[in-house]
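Only one structure is covered here, and it is reproduced in the block below.
Hydrogens, waters and symmetry mates are skipped; everything else that's a heavy atom, side chains included, is used.
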Amino acid sequence: MILLLDTHLLLWAAGDPGRLSTEARTLLSDPANELTFSAASIWEVAIKLGLGRDDFQVDPRLLRRGLLANGYREVPVTGEHAIELDHLATHYRDPFDRILICQARVEGSTLLTTDGAVAKYGAPVRRV
């Protein structure tokens, strides 16, 4: 299964794995799963670090480098992902989460999240 991790799960997997649920740890450690992250998550970290957010105190360069070194595949944001936004309900407005949902749809992956609002979109989103 191809797993796209949302930004908080990426941060926890990279720097605070104790915050991951048992289900998330099981999925991330299964060698049959391909782990991916979005360029949009790196963008989100960079923006929120610049804003001084306490929950985004990581250097985005180091985060990206560490994810790649640990076998994660980076998913760029493409025009096809942006076009998919036209088919996405607007009950949730966070632009980073919305593009992650669209990327999962277009790429045929499962978006893992801890966010109940994101999970309301249903497949391919999975709350862990």
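Using modelled atom types, one side-chain atom of Arg98 and one backbone atom of Ala89 make a donor-acceptor pair closer than 3.5 Å. Judged by distance alone, with hydrogens and angles left aside, the side-chain atoms of Arg127 form a donor-acceptor pair with the main-chain N or O of Thr114 at under 3.5 Å. In this structure, His81 contributes its side chain and Thr78 its backbone to a donor-acceptor pair below 3.5 Å. Proximity of a side-chain donor or acceptor of Ser109 to a complementary backbone N or O of Leu4 within less than 3.5 Å is not detected. For the pair Asn70 (side chain) and Gly66 (backbone), a donor-acceptor distance under 3.5 Å is present. No donor-acceptor pair closer than 3.5 Å links the side chain of Glu74 to the backbone N or O of Leu67. For the pair Asn33 (side chain) and Leu27 (backbone), a donor-acceptor distance under 3.5 Å is present. Checked by atom type and distance alone, the side chain of Ser29 pairs as donor or acceptor with a backbone atom of Arg25 at under 3.5 Å.
Closest approach of Leu9 and Val128 over heavy atoms only: CD1-CG2, 3.8 Å. Here the closest heavy-atom approach between residue Pro124 and residue Ala104 is recorded as CG-CB, 3.8 Å.
When side chains are defined from C-beta on, Ser41 does not count as touching Asp6, because their heavy atoms never get closer than 4.5 Å. Two residues are said to be in side-chain contact when any heavy atoms from C-beta on lie closer than 4.5 Å; Leu28 and Leu5 meet this criterion. Phe37 is listed as a side-chain neighbour of Ile42, based on a closest heavy-atom distance under 4.5 Å. With a 4.5 Å cut-off on side-chain heavy atoms, Thr90 and Arg93 count as touching.
Put simply, Leu20 and Val58 are part of the same group of oily side chains (I, L, V, M, F, W, Y) that touch within less than 4.5 Å, one to the next. Cluster membership for Val77 and Ile47, using ILVMFWY side-chain heavy atoms within less than 4.5 angstrom, is not shared. Under the 4.5 Å side-chain contact rule for hydrophobic residues, Leu112 and Phe96 do not share a cluster.
The environment of CZ in Arg61 is sparse: at most 12 heavy-atom neighbours from other residues, nucleotides or ligands sit within 6.0 Å. Counting non-hydrogen atoms of neighbouring residues, nucleotides and ligands closer than 6.0 angstrom, the CD atom of Glu80 reaches no more than 12 such neighbours.
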Start with the C-alpha gap between His8 and Asp115, add the side-chain angles, then the distance that decides, and say whether side chain to side chain contact (heavy atoms under 4.5 Å, CB included) holds.
CA-CA 9 Å; His8 276 98; Asp115 190 324; over 6 Å; no

Please determine whether side chain to side chain contact (heavy atoms under 4.5 Å, CB included) holds for the pair Thr113 and Val125, giving the CA-CA distance in whole Å, both sets of side-chain angles, and the decisive distance to 0.1 Å.
CA-CA 7 Å; Thr113 186; Val125 181; 3.6 Å; yes

Side chain to side chain contact (heavy atoms under 4.5 Å, CB included) between Met1 and Glu34, intermediate numbers included
CA-CA 6 Å; Met1 176 173 18; Glu34 179 183 358; over 6 Å; no

Is there a side-chain hydrogen bond (donor to acceptor under 3.5 Å, both in side chains) between Tyr121 and Arg105? Walk through the geometry before answering.
CA-CA 11 Å; Tyr121 279 95; Arg105 287 180 173 188; over 6 Å; no

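Atom CZ in Arg64 sits 5.0 Å away from atom CG in Leu68 (nearest 0.5 Å). Between Leu10 atom CG and Glu44 atom CD the span is 9.5 Å, to the nearest 0.5 Å. Annotation: the span from Ile101 atom CD1 to Ile99 atom CD1 amounts to 10.0 Å, rounded to 0.5 Å. Atom CZ of Arg126 sits about 7.5 Å away from atom OG1 of Thr110, to the nearest 0.5 Å. We find the CG-SG distance between Leu88 and Cys102 to be 4.5 Å, quoted to the nearest 0.5 Å. In this structure, CG on Leu111 lies 5.5 Å from CG on Leu100, to the nearest 0.5 angstrom.
A side-chain contact (heavy atoms from CB on, under 4.5 Å) with Ile2 is found for exactly one of Val75, Thr36, Leu35, namely Thr36.
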